[in-house]
Amino acid sequence: MKTCLVVDDSKVIRKVARHILETLDFTVREACDGQEALQCCLESVPDVILLDWNMPVMSGMDFLRALRDSDITQRPKVVFCTTENGMAYIRAAIEAGADEYVMKPFDRETLASKLQIVGMA
Amino acid sequence: MMGASALRGRSMPTTAPSSSPAPAASQATIDVLTALLEARTGQQIAAYRSWRLDTALKPLLRERQLGSLDELVAQLLAGKDREIGEHIVDALLNQETSFYRDAQVFEHLVAAIADAETAGHRIRIWCAGCSTGQEPLSLAMLFAERHETTGAPVPDIVATDVSGAAIARARSGRFTQFEIQRGLPIRRMMRWFDGVGADWVAKPELVKLVTFRRVNLVSDAAPAGRFDLVLCRNVLLYLTAETKLRVFSTIARALRPGGLFVMGAGETVSGQTPLFEPSQRYRGFYETPSSSTGDPRLRAPGS
Ligand SMILES: C[S@@+](CC[C@H](N)C(=O)[O-])C[C@H]1O[C@@H](n2cnc3c(N)ncnc32)[C@H](O)[C@@H]1O
Ligand SMILES: [Mg+2]
């Protein structure tokens with residue numbers, strides 16, 4: 001089974017994402033900010049990370065940079081999943097190394113489609 | 001498309017949309033509506049359940065301030081409003097689609113088109129039943145990008161649908177956030193679309209690559225000229241065997257010798273018509289029997 005790390009400060013979003021991902025046969029772990037996510041990745045690197053932008057402690061962007069600068073050599077797919085829906089944000093995320101981008105609100109079809117695009121479904 | 005807004009932002013698995021209690025339509029009303037749809041498009045709604053009628057027509061009822069399907073049918077039968085039948089048909093058609101639907105097909109067809117190009121003529125593609133445009137625009141992006149990297153010409157893409165509303169939307173190139181996130185890789189969205197309000201609009205240079213036209217596959221002639229590839233995916237599922245045959249023959253005649261035909265992932269022609277047989281060269285595609293043994297230039301290299 002593939003593993004997905006859901007990083008979001010909203011408990012509701014994490015729960016919704018977990019539910020969808022489990023129906024897509026993912027093993028799901030959760031983190032509520034970038035720092036916790038980094039810790040999770042140090043323990044074991046997931047196949048794909050669903051990443052919120054705005055979070056306390058460490059934002060999605062800061063996490064992405066920290067992940068790339070870390071000793072972690074595996075390269076999990078990173079799918080931003082955020083309410084920042086403007087083109088400038090999307091461009092910044094992709095330039096920072098994100099593989100895909102989900103604009104909230106999302107549903108099962110959207111997630112399934114994006115995961116398929118990054119070769120994960 | 002249908003039910004998209006109801007699902008937006010929620011995570012529930014797709015189920016029948018719950019319809020708020022509206023007066024149940026009489027059998028006569030249901031019969032008129034299903035007969036109208038079949039007469040105009042060949043689509044048999046008996047294959048759906050009746051909740052679909054209610055759900056699908058609810059926006060039209062609201063728009064016209066009608067209380068029930070019975071009232072809607074009364075207006076239709078009064079014959080004073082020439083457009084009402086068309087609005088009903090538009091609402092009842094299943095226009096479900098997405099960008100790069102069954103993505104593999106797009107990989108295979110690029111290879112097939114590249115082979116066809118060695119014959120030297122301008123390649124022509126017909127998307128029959130293109131709904132709101134995701135399918136032809138998916139093709140247009142592929143070939144426009146190919147043009148940018150290799151200089152290879154962009155094929156002519158003709159996209160047709162029986163629904164005037166779908167064609168109008170396709171021409172506008174405008175998609176909701178929900179629609180734009182189905183099947184379309186983010187880099188392609190960035191390259192080919194602009195954010196306009198909450199929607200995403202295809203750049204004019206992309207839309208320009210597709211000729212959109214209203215064509216009823218059951219009763220109209222095919223667009224003029226011959227095609228190297230015809231896509232008619234997820235369109236013919238609810239047609240009677242007889243009506244399907246008619247459409248198959250329209251498509252067969254629209255193909256150039258050696259041309260290819262592709263249907264949806266769950267569809268087949270096998271046992272339904274002698275006009276097509278599975279292509280030996282391109283898995284999942286069909287061709288006309290004569291063409292598989294016909295023009296030797298169109299055979300697989302080395303065969
Ligand atoms: C389910 S959509 C499929 C769209 C697209 N080909 C795809 O696979 O994603 C079917 C489309 O066929 C169109 N259609 C149904 N009956 C038709 C007919 N008789 N002639 C032309 N188009 C028709 C509908 O309006 C609808 O847009
Ligand atoms: Mg947040």
Side-chain angles (χ1 to χ4, degrees), chain A residues 4 6 8 10-26 28 48 50-51 53 77-121, chain B residues 1-17 94-107 132 134-135 138 141-142 145 174-203 234 265:
Chain A
C4 181
V6 176
D8 202 302
S10 155
K11 197 175 167 188
V12 176
I13 298 279
R14 291 201 305 273
K15 192 174 164 197
V16 167
R18 169 186 284 276
H19 175 78
I20 296 175
L21 287 161
E22 285 177 350
T23 68
L24 295 169
D25 279 340
F26 279 86
V28 179
V48 57
L50 199 63
L51 184 63
W53 191 302
K77 297 286 181 192
V78 175
V79 178
F80 256 101
C81 183
T82 166
T83 45
E84 312 299 344
N85 292 350
M87 192 66 101
Y89 285 99
I90 297 171
R91 184 155 286 127
I94 297 302
E95 278 168 8
D99 298 284
E100 259 300 333
Y101 201 102
V102 171
M103 298 176 273
K104 286 176 184 164
F106 61 89
D107 66 2
R108 186 179 192 279
E109 275 178 279
T110 308
L111 270 197
S113 169
K114 291 294 187 174
L115 288 165
Q116 197 167 9
I117 288 171
V118 298
M120 284 291 143
Chain B
M1 210 80 23
M2 218 153 275
S5 57
L7 289 167
R8 206 172 297 158
R10 298 218 243 116
S11 61
M12 300 306 125
T14 311
T15 49
N94 171 4
Q95 299 185 330
E96 177 80 26
T97 188
S98 60
F99 290 98
Y100 299 99
R101 185 173 190 173
D102 307 321
Q104 276 196 344
V105 168
F106 289 85
E107 285 164 30
T132 39
Q134 285 89 330
E135 185 178 76
S138 295
M141 286 183 268
L142 268 184
E145 288 168 14
R174 191 170 184 128
F175 299 93
T176 65
Q177 186 174 296
F178 177 84
E179 291 163 343
I180 203 79
Q181 300 201 86
R182 278 188 71 192
L184 185 65
I186 197 70
R187 285 180 181 77
R188 285 215 162 111
M189 187 190 92
M190 292 162 65
R191 168 68 181 87
W192 296 108
F193 291 82
D194 295 310
V196 178
D199 292 340
W200 295 87
V201 180
K203 293 186 188 294
N234 309 295

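Naming: A, B, ... by sequence-line order, numbering from 1 per chain.
- With values rounded to the nearest 0.5 angstrom, A:E100 atom CD is found 9.0 Å from B:M189 atom CE.
- Proximity to chain B is absent for every atom of A:V118, based on heavy atoms less than 4.5 angstrom apart.
- From B:I186, atom CD1 reaches atom CE of A:M103 across 5.5 Å, with rounding to the nearest 0.5 Å.
- The contact between A:N85 and chain B is made by backbone and side chain atoms together, counting heavy-atom distances below 4.5 Å.
- Within the 4.5 angstrom heavy-atom criterion, only backbone atoms of A:A98 (N, CA, C, O) approach chain B.
- Within the 4.5 angstrom heavy-atom criterion, only backbone atoms of B:F193 (N, CA, C, O) approach chain A.
- Heavy-atom neighbours of B:F106 CZ from other residues, nucleotides or ligands within 6.0 Å: above the threshold of 12.
- When each of B:G195, B:P185, B:A198 is scored by its heavy-atom pairs under 4.5 Å with chain A, the top score falls to B:P185.
- B:L184 touches chain A through its backbone: at least one of N, CA, C or O sits under 4.5 Å from a heavy atom, while the side chain does not.
- The CD atom of A:Q116 sits 14.0 Å away from atom OH of B:Y100, with the distance rounded to the nearest 0.5 Å.
- Smallest separation of non-hydrogen atoms from A:D99 and B:R187: O-NH1, 3.5 Å.
- In this structure, A:K104 NZ and B:Q177 CD are separated by 11.5 Å, a value rounded to the nearest 0.5 Å.
- By the 6.0 Å contact criterion, NZ on B:K203 is enclosed, its count of non-hydrogen atoms from other residues, nucleotides or ligands being greater than 12.
- When side chains are defined from C-beta on, A:E109 counts as touching B:F178, because their heavy atoms get closer than 4.5 Å.
- Counted within 6.0 Å of CD on B:Q104, heavy atoms from surrounding residues, nucleotides or ligands total 12 or fewer; the atom is thus considered open.
- Between B:Q181 and A:S113 the shortest side-chain heavy-atom distance does not fall below 4.5 Å.
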